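Below you'll find the structure, written out as structure tokens, and then a few comments.
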Protein chains: 2
Amino acid sequence: MSRNTKDKRTAAELPPELTQARRFGKTRTAQSRALLEDYVELISDLLATGGEARPTDVARRLGVSHATAIKTITRLKREGLATGLPYRGVFLTETGHALAERMRTRHRLVVNLLVALGVPTEIAEADAEGIEHHVSDATLKAFSQFLQISASTRASRKS
Amino acid sequence: MSRNTKDKRTAAELPPELTQARRFGKTRTAQSRALLEDYVELISDLLATGGEARPTDVARRLGVSHATAIKTITRLKREGLATGLPYRGVFLTETGHALAERMRTRHRLVVNLLVALGVPTEIAEADAEGIEHHVSDATLKAFSQFLQISASTRASRKS
DNA sequence: ACCAAATTGTAGACAAGGCTACATTACAAG
DNA sequence: CTTGTAATGTAGCCTTGTCTACAATTTGGT
């Protein structure tokens, strides 16, 4: 059965399993980005609150060894998201900052949605950590609209 | 600053950054499970529809090479989720079946929620692929309750 | 029963992300 | 200005997950 490796249908009707394959592929690359996103978001946080981001702090907050943190930070630099001289702390590039900002927004939105749906804040915060990297822009927009609507509904009920 | 690696406070007030570390750790292990979950779910699907699950089909549906699929299936067997003799197709153990069932439920619920929130089905399906692995039971329950409520609301509006 | 083709399996390479152990640098206290 | 300690960086190892290339098995058609 299904010896149809080479069957060629027109592009319109073709993708029964290809769609699925593409989806999985996307999810896989998303996971590879997820870690970098977490690092960038955290570094941005440390920079904003403490004025500096030290590898050790990053490591402790992420729950990994400092060696791991440094290695990943090196990758961040290689990919143009971070900068910084040896022994001198980490900083974000323009791109890095933009990404951090995007992730922060995402995170907030996901948490807010979960909470609006009745998830306890603690759990919402934890789940969002995993979910936020897999939410498309379209879905994010839907979240935001839902939150607006439910907010105004609550407001009108109160008045 | 923060030279407090070994400081021991009471469990109640302690975890400012530890909480975050734990969350990241959880997310990391979740990602490691995610792939296995995808494989199990897919194998269960193939078994249900076609009666057999061949590594090649799994590979094609997942968009990876057959070698990768076989290696991962080996790991599935090692972890007690799948069985099967060489050259004889793959099957699921009790545990594997249970996991597949759980994932199927999860997936459906996540998709339904997204759709209910106004996300186009196509996109909901794709996003769910990434999200479903990071949704805790509590959050899942909240999803399900929301769906029930919004369903009954629609019903009463209609009557 | 045989053979060609497809499927399945194996080997070896690579990158990512983790770790521990060791080396180097910075810095503050004396 | 020395020096001890914390932070930073480096080296080497492990596991996952991916690939390509090659070997082995099964199977359907003759």
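Basis for what follows: all heavy atoms, side chains included, without hydrogens, waters or symmetry-related copies. Because the structure is a prediction, the values reported are computed rather than measured. Protein chains get the first letters and strands the later ones, always in sequence-line order, with residue 1 at the start of each.
Side-chain N or O atoms of A/Thr74 include one that pairs as donor or acceptor with a backbone N or O of A/Ile70 at under 3.5 Å. Using modelled atom types, one side-chain atom of B/Thr49 and one backbone atom of B/Asp45 make a donor-acceptor pair closer than 3.5 Å. For the pair B/Ser44 (side chain) and B/Val40 (backbone), a donor-acceptor distance under 3.5 Å is absent.
The B/Arg54 side chain lies nearest to C/dT7 when the options are D/dC19, D/dC13, C/dT7. When distances run from any side-chain atom of B/Pro55 to the nucleotides D/dT8, C/dG9, C/dA11, the shortest one goes to C/dG9. Here the nucleotide nearest the side chain of A/Arg28, chosen from C/dG18, D/dC19, D/dT18, is D/dT18. Checking C/dG18, D/dT27, D/dT18 against every side-chain atom of A/Thr68, the shortest atom distance belongs to C/dG18. Of all nucleotides listed (D/dT16, D/dT10, D/dT20), D/dT20 comes nearest to the side chain of B/Ser65. The side chain of B/Thr72 lies closest to D/dT18 when the candidates are C/dG9, D/dC19, D/dT18.
A/Arg33 comes within 4.0 angstrom of no nucleic acid atom, judged by non-hydrogen atoms across all strands. As judged by a 4.0 angstrom heavy-atom cut-off over every strand, A/Ser32 is placed among residues touching the sugar-phosphate backbone only.
Linking Ile, Leu, Val, Met, Phe, Trp and Tyr residues whenever their side-chain heavy atoms come within less than 4.5 Å places A/Leu81 and A/Val64 in a single cluster.
Taking atom CG of residue B/Leu35 and atom P of nucleotide D/dT15, one finds them 18 Å apart after rounding to whole Å. Look at CZ on A/Arg88: it is 10 Å from P on D/dG9, rounded to the nearest Å. Spacing between atom CD of A/Glu37 and atom C1' of C/dA16 amounts to 16 Å, rounded to whole angstrom units. Regarding B/Ile73, its CD1 atom lies at a distance of 9 Å from the P atom of C/dT8, rounded to whole Å. Whole-Å rounding puts the A/Ile70 CD1 to C/dC19 C1' distance at 13 Å. C/dA6 atom P lies 15 Å from atom CG of B/Asp57, rounded to whole Å. Note: CG (A/Leu85) to P (C/dT25) measures 15 Å, nearest angstrom. Here the C1' atom of nucleotide C/dG18 and the CG atom of A/Leu36 are 15 Å apart, to the nearest Å.
Mapping A/Tyr87 and B/Ala53 onto DNA chain C by nearest heavy atom places B/Ala53 closer to the 5' end of the strand.
Between A/Arg78 and the phosphate of C/dA16, there is a side-chain N or O to OP1/OP2 separation shorter than 4.0 Å. Within the structure, every side-chain polar atom (N or O) of A/Arg60 is placed at least 4.0 Å from both OP1 and OP2 of D/dA6.
Under 3.5 Å, the side chain of B/Lys71 and the base of D/dT18 form at least one donor-acceptor pair of N or O atoms. Side-chain N/O atoms of A/Lys77 and base N/O atoms of D/dG9 include no donor-acceptor pair closer than 3.5 Å.
Counting heavy atoms from C-beta outward, A/Arg23 and B/Glu122 have side chains that approach closer than 4.5 Å.
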Q: Step by step, work out the side chain to side chain donor-acceptor pair (under 3.5 Å) result for B/His107 and B/Glu125.
A: CA-CA 8 Å; B/His107 185 83; B/Glu125 205 66 57; 2.6 Å; yes
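Using a 5.5 Å limit on the distance between ring centres and a 30° limit on the angle between planes, the aromatic ring of B/His66 does not count as stacked on the six-membered base ring of C/dT7.
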